[in-house]
Structure formats: structure tokens, C-alpha cells
Amino acid sequence: MEKKKKIKPQRPRGFEDLSENSLNELIQLRDSIQKVYGLYGFEPLETGIIEYSDVIGSFLPDQDRPNEGVFSFEDDDKRWVSLRYDLTSGLARYVAENFDSLPKPYRRYQSGWVFRNEKQGPGRYRQFYQIDADTIGSDNALSDAEMCMMFSDAIQNTGIEVGNFIIRLSNRKILDGIIDNLNITGNSSGSDINLSIMRSIDKLDRLGLSGVEQLLGEGRKDESGDYTKGAGLEKSSITKILSFLESGIESKKLSRDICLKNLSNQFGSNIIFNKAIEELSEISKIIDTAGYDEKKIIIDPSVVRGLGYYTGPVYEADLTFTMETDQGLEKFGSIGGGGRYDDLVARLKGTRVPSTGISVGVSRLRSALEYLNKSSINIDPLSVVVLVMDKDKRSDYYKIASRLRNEGIRSECYVGDGGMKAQLKYADKRNARLAVIVGEDELASNTVTIKDLFVGIEVSDKISDNKEWRSGKDSQKNVPINDLVKTIKSILSK
RNA sequence: GCAGCCAUAGCUCAGUUGGUUAGAGCGCCUGGUUGUGGACCAGGAGGUCCUUAGUUCAAAUCUAAGUGGCUGUACCA
């Protein structure tokens, strides 16, 4: 035979195949979160996975093409379209387009795949699943407070217990105020400096205080010897920011009230800063009244979060327990977050539409639940495979399976062409509990044989002698055909 | 993007200072059993040693470039 060159079956890097178990886990996790959002009165929404690049803001006007981090192509009308990089961009488009007919505030939840053309890593893919909830068109603290509390409820509903997670609440204006107070003068424009300060601070978790100190100053060399240029701040400014971060670390043990008072005493001379404290106090008051204490929601001023469009309160949800890995104990870290974005819809609508929302990344949450052994799947495993013993009687075997299905038992009739051995092997691989065998013997005596494949697995460990193995014919029962359903039900209920 | 490490069977890996026909375990297939998966026994299939170029009498082994992977770091609207 001619040797043909095979095409190597290879999935694009950064993309993931989900098979039975992980897909069921994903669906269940999504449902448990969305159930909470629905309970709060949020309504579901689906938007397409492709949007016009300029509409969702991935188009670079000065370069005549979309941002490189976004998967994009030119449509046949020469207009650029992109795979969505988050769910918020489509929401903003939807709201701006249907503004007049929507209830205000408009509260919706949405889940789906989003795409980013970036480097992949372990647990970090170029296609990943997000679950969002947003409130569009509300300016007041209740909508922010609601996000935090709903977030907490949703995480709890996935099976993660209080104490194993924490919602950290802060406000972008805190840092804006502090940086404003530093009176930074330098070569770069103010917003550039702000950005690199924020980015440095965002890395506190990973690099620690000393790492942040280096990034705020000259720069930092990493393990591989690569060098990151710093923000180039003066020493006095760095000291102030570091002392602020230290107070943030301490604040994790404090009540929200005391934390806000401390912050106010330490830095409270700036208008922007005071506005931040005011907003947080109001949110905290609502959360207090609703009965969510510091075991669920704390104030942590070091939360910076999504450096882009956030304008006010920001939230981040962390898993607080550690996991044993090859590198020792490691934290699970952030599983989602969000915040207030008052300017996003305005870009498309013209008028200001204040909004706030949260987003949960599912893959980390999934591995966390797996680690906690909470990922039990509520979907029934396959129960029965009806073997095809006589190929001319396929329709009769199919009828048996269909009878069992009518009783609510997950059952299938073998649809392949293999012999009995192959069929049992198939049933085994499918993790089926039972095989139903109706061959010549059974037909003659008007019976069925029901084989419990799980019992066979248990028994197999103890047998090493071939004769015993064959003589055993273990784990199967021969019952009258009329008792088929009854017998199967009683085995499955054990 | 930048930097470091790595690439041998489906998977995990071994492979001597460069030297015949490249190995192991697991998995897969077949038989032992015309009607029995999973234990056990026997046998079998499966490889462009990532790709290309170079050094050499000789390359899985040495060199260079490319590709892919891992780790760190940057970017992530």
C-alpha cells in the first residue's frame, strides 16, 4: 500500500477539548452560578460571539486594523470583525442598540466562550468560559453592594464554603487620589505614570512588597535574567505608596469600618480620595445591614483590578485555601472580579450610562472544586448497554433499551458491529453499570441475563487463576423477562 | 514580545566517549474462551528519534536555524 502522508492531528495551541466529565462539570458549575443570578432577578442574555471590531473597541484607529490580542478577520464587505474578548463589550453594544426598550436599570447575566490571542499557560487558554452579571444604568451604591453580595452567594452555591473564599472590595479612586497627592513631575505624561504605578501595584500578590518597590523605582530583574523597566518614581513617593500597601495588607484582618477610618486618617486630604472613602462607606453600610460580615467581604485597598475601564468601586474574589503542588503550597488566587465602569456604554450611546458588573472565570474555579472534591456530577452515569447477540434481531434489542428509557433509566442499544467480547469491552469503556444479555439461551427460556460490570471489576483484583476466572461467571443474574425493569431498578438503587 | 530549559512508540521515560537491526513499563490489538469486559498467560502491531541544513567514514547523540512545549517575565482594551 502506498504510504500517504498523514496530516498530523493537532489542536491549535491554547485551545482545549472538553470531554464528557469536564464538560458536565462546566455546565453544572455555570448553572449553579446562574441560578443565583436569576434568583436576584437578573435576566439571561445571549449575544453573538463575533462583533464589529470598531464597535467593541478592538480596532486601532491609527493602525487601520484591530488590536493584535484579538482574533479578527475582514468580512466580505471589508469591515473588520472580531471574536469577542469578553462579554461586557457585546453587552455595551446590545444596550446601546436597544436602549429605549430595555428596563432601566437593566440587569442581565450571560455566560459563554471568549477569545484572546495571547500566550497560553497552564490553566490559561486562548478560549475560555466566563460568567458575567451586570447592572446597566444605575449610579448608586446599592448596585455595587448587590454585586458583592450576589458574588458571594454565587460562589457559595458552587459548593465553596465561607472561609475558603473572600470578596475584596476597593475603589479605583483611592489610588487616583494618592497618586494625585504625590504631585509627580516627570518626563512621561501623567496618565502613563498612573498606569505603570497601577500595574506595579497589581503585581503585589506575585512579587511581594520588595518586587513592587523595584518596579516603582528603577526596575526589576526576574529569574530568567530578563529585565523589566520600572516607573522611575522618587524615593519619597515610593515610600508613600508602599506604606499604603502595607496598610492594605493589615486591613485584611480588620473590620470594614476600622479599615476605612484608618485610610481616612492616613491619606484623607485629597478630594478624589475622600470621594472613594465615601462611596465605600455607603456600600459597606448596605452590606452590613444585609448581614454579610468580614468572613465574606472585606475592604482591601490594594485591589486594583482590570486597569482599563473601571472608574469606581472594584471587587475581586479570591480563594483563600492553598493547594499542594510540586512547588510546595500554592494559593489558588483570583477566580473573578469586576467593578464600576461608567464610561463604557457612553462610547456608543453618547450619554453617560453608569454601570457595574462582575465576571467569573470558570476554569480555575473548576480545578478548585476538583481539588476540594466538590465536583460531584449530578448527571446519571450510563446505566445499561443492551448487547446485540443476534444481529437479525436488532430492533428487538432496541425495544428493550427503549423500554428502560421509558422508565427513566439511561440505556442504549449497542449500535456497532463487534462481537460479544467487543460489546462488553465497549460497555466497560463507557463506564456502564449493567449489560443486558439476551441470546439463544435466554430466548428459549424467556429470560434475560443482567451482568453487573462494577461487581466484576471489584472481583477481578482478587482472582489470579485463569480457571477460577472462567468458572466464576460472577456478577450476573438470569431473571424472567417480565422482571427486567424491576431487577435493574433494584440493582441501580443500591 | 523578551529570557532560560526541553523535544525518542498512543502515554511515562531509558538509550554508553558519535558505531550493527533504537529499548522498557503502561496502553492498544490477537489468541487462550464458536456466549462474557475487568484478573492471569502467550503472541503481535506501533518510530521520519520534532523539521531542515551542516560537521563526520558514521548522527537519536555534535553545530546552526526553524517549529512545538514548559518555566519566568511583559502585555491583556
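To find a chain, count down the sequence lines: A is the first, B the second, and so on, and within it residues start at 1.
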Legend entry - Residues that A:Lys119 engages under salt bridge (Lys or Arg N to Asp or Glu O under 4.0 Å), provided they are two or more places apart: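 Salt bridge (Lys or Arg N to Asp or Glu O under 4.0 Å) check on A:Lys119 returns nothing, list empty.
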
Legend entry - Partners meeting salt bridge (Lys or Arg N to Asp or Glu O under 4.0 Å) with A:Asp134 (sequence neighbours left out):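 Counting only residues at least two positions away or on another chain, A:Asp134 forms a salt bridge (Lys or Arg N to Asp or Glu O under 4.0 Å) with A:Arg108.
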
Legend entry - A:Tyr414: partners by ring-ring contact (aromatic ring centres under 6.0 Å, His included), with sequence neighbours left out: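 Partners of A:Tyr414 under the ring-ring contact (aromatic ring centres under 6.0 Å, His included) test: A:Tyr426.
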
Inset, instruction - Just jot down the ring-ring contact (aromatic ring centres under 6.0 Å, His included) partners of A:Tyr341, sequence neighbours excluded, or say none. - result: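 Once residues adjacent in sequence are excluded, the partners of A:Tyr341 under the ring-ring contact (aromatic ring centres under 6.0 Å, His included) criterion are A:Tyr309.
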
Legend entry - More than 12 heavy atoms of other groups within 6.0 Å of A:Glu16 CD: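 Yes.
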
Legend entry - CD/A:Glu74: more than 12 non-hydrogen atoms of other groups inside 6.0 Å: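 Yes - once you tally the heavy atoms of other residues, nucleotides and ligands closer than 6.0 Å, there are more than 12.
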
Legend entry - Whole-Å P distance, B:rA58 and B:rU20: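 Per the computed distance, 15 Å lies between those P atoms.
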
Inset, instruction - Pick the P atom in B:rG15 and in B:rC76, then give their distance to the nearest Å. - result: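 The answer is 44 Å between these two P atoms.
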
How many Å lie between [atom1] on [X] and [atom2] on [N], as a whole number?
{"X": "A:Arg126", "N": "B:rC76", "atom1": "CZ", "atom2": "C1'", "answer": "14 Å"}
{"X": "A:Asp202", "N": "B:rA74", "atom1": "CG", "atom2": "C1'", "answer": "13 Å"}
{"X": "A:Tyr52", "N": "B:rA77", "atom1": "OH", "atom2": "P", "answer": "25 Å"}
{"X": "A:Leu424", "N": "B:rU33", "atom1": "CG", "atom2": "P", "answer": "18 Å"}
{"X": "A:Met389", "N": "B:rG37", "atom1": "CE", "atom2": "P", "answer": "12 Å"}

Legend entry - Residues forming a side chain to side chain donor-acceptor pair (under 3.5 Å) with A:Asn117, sequence neighbours excluded: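 Once residues adjacent in sequence are excluded, the partners of A:Asn117 under the side chain to side chain donor-acceptor pair (under 3.5 Å) criterion are A:Arg126.
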
What's the closest nucleotide to the [X] side chain, out of [options]?
{"X": "A:Arg116", "options": "B:rC76, B:rG37, B:rA74", "result": "B:rC76"}
{"X": "A:Asn67", "options": "B:rA74, B:rA77, B:rG37", "result": "B:rA77"}
{"X": "A:Lys429", "options": "B:rA77, B:rC28, B:rG35", "result": "B:rC28"}
{"X": "A:Arg206", "options": "B:rU73, B:rA77, B:rC28", "result": "B:rU73"}

Does a nitrogen or oxygen in the side chain of [X] sit under 4.0 Å from OP1 or OP2 of [N]?
{"X": "A:Arg199", "N": "B:rC76", "value": "yes"}
{"X": "A:Arg433", "N": "B:rG37", "value": "no"}
{"X": "A:Lys421", "N": "B:rG37", "value": "yes"}
{"X": "A:Lys203", "N": "B:rC75", "value": "yes"}
{"X": "A:Arg347", "N": "B:rA77", "value": "no"}
{"X": "A:Lys425", "N": "B:rC29", "value": "yes"}

Legend entry - Which nucleotides of RNA chain B pair, in dot-bracket form (Watson-Crick or G-U under 3.5 Å, | meaning another strand): (((((((..((((.....[...)))).(((((.......))))).....(((((..]....))))))))))))....

Legend entry - First encountered from the 5' end of RNA chain B, between A:Asp441 and A:Phe115: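 First, find each residue's nearest nucleotide; the 5'-ward one identifies A:Asp441.
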
Legend entry - Salt bridge flag under 4.0 Å for residues A:Lys477 and A:Asp452: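 Salt bridge flag = no for A:Asp452 with A:Lys477.
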
Legend entry - base_contact_polar (B:rG37 base, A:Gln476 side chain, donor-acceptor, <3.5 Å):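 Between B:rG37 and A:Gln476, which were checked side chain against base, a qualifying N/O pair under 3.5 Å is absent.
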
Determine the contact category for [X]: base if any of its heavy atoms lies under 4.0 Å from a base atom, sugar-phosphate if only primed atoms, P, OP1 or OP2 are that close, otherwise nothing.
{"X": "A:Leu207", "result": "sugar-phosphate"}
{"X": "A:Leu387", "result": "nothing"}
{"X": "A:Glu440", "result": "base"}
{"X": "A:Tyr426", "result": "nothing"}

Legend entry - Modelled atom types, side-chain donor and acceptor of A:Glu442 and A:Thr449, under 3.5 Å: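 Result is yes, a qualifying pair exists.
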
Inset, instruction - Compare the ring of A:Tyr309 with the six-membered ring in the base of B:rA77 and state whether they stack (centres under 5.5 Å, planes under 30°). - result: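 Aromatic stack with B:rA77 absent for A:Tyr309.
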
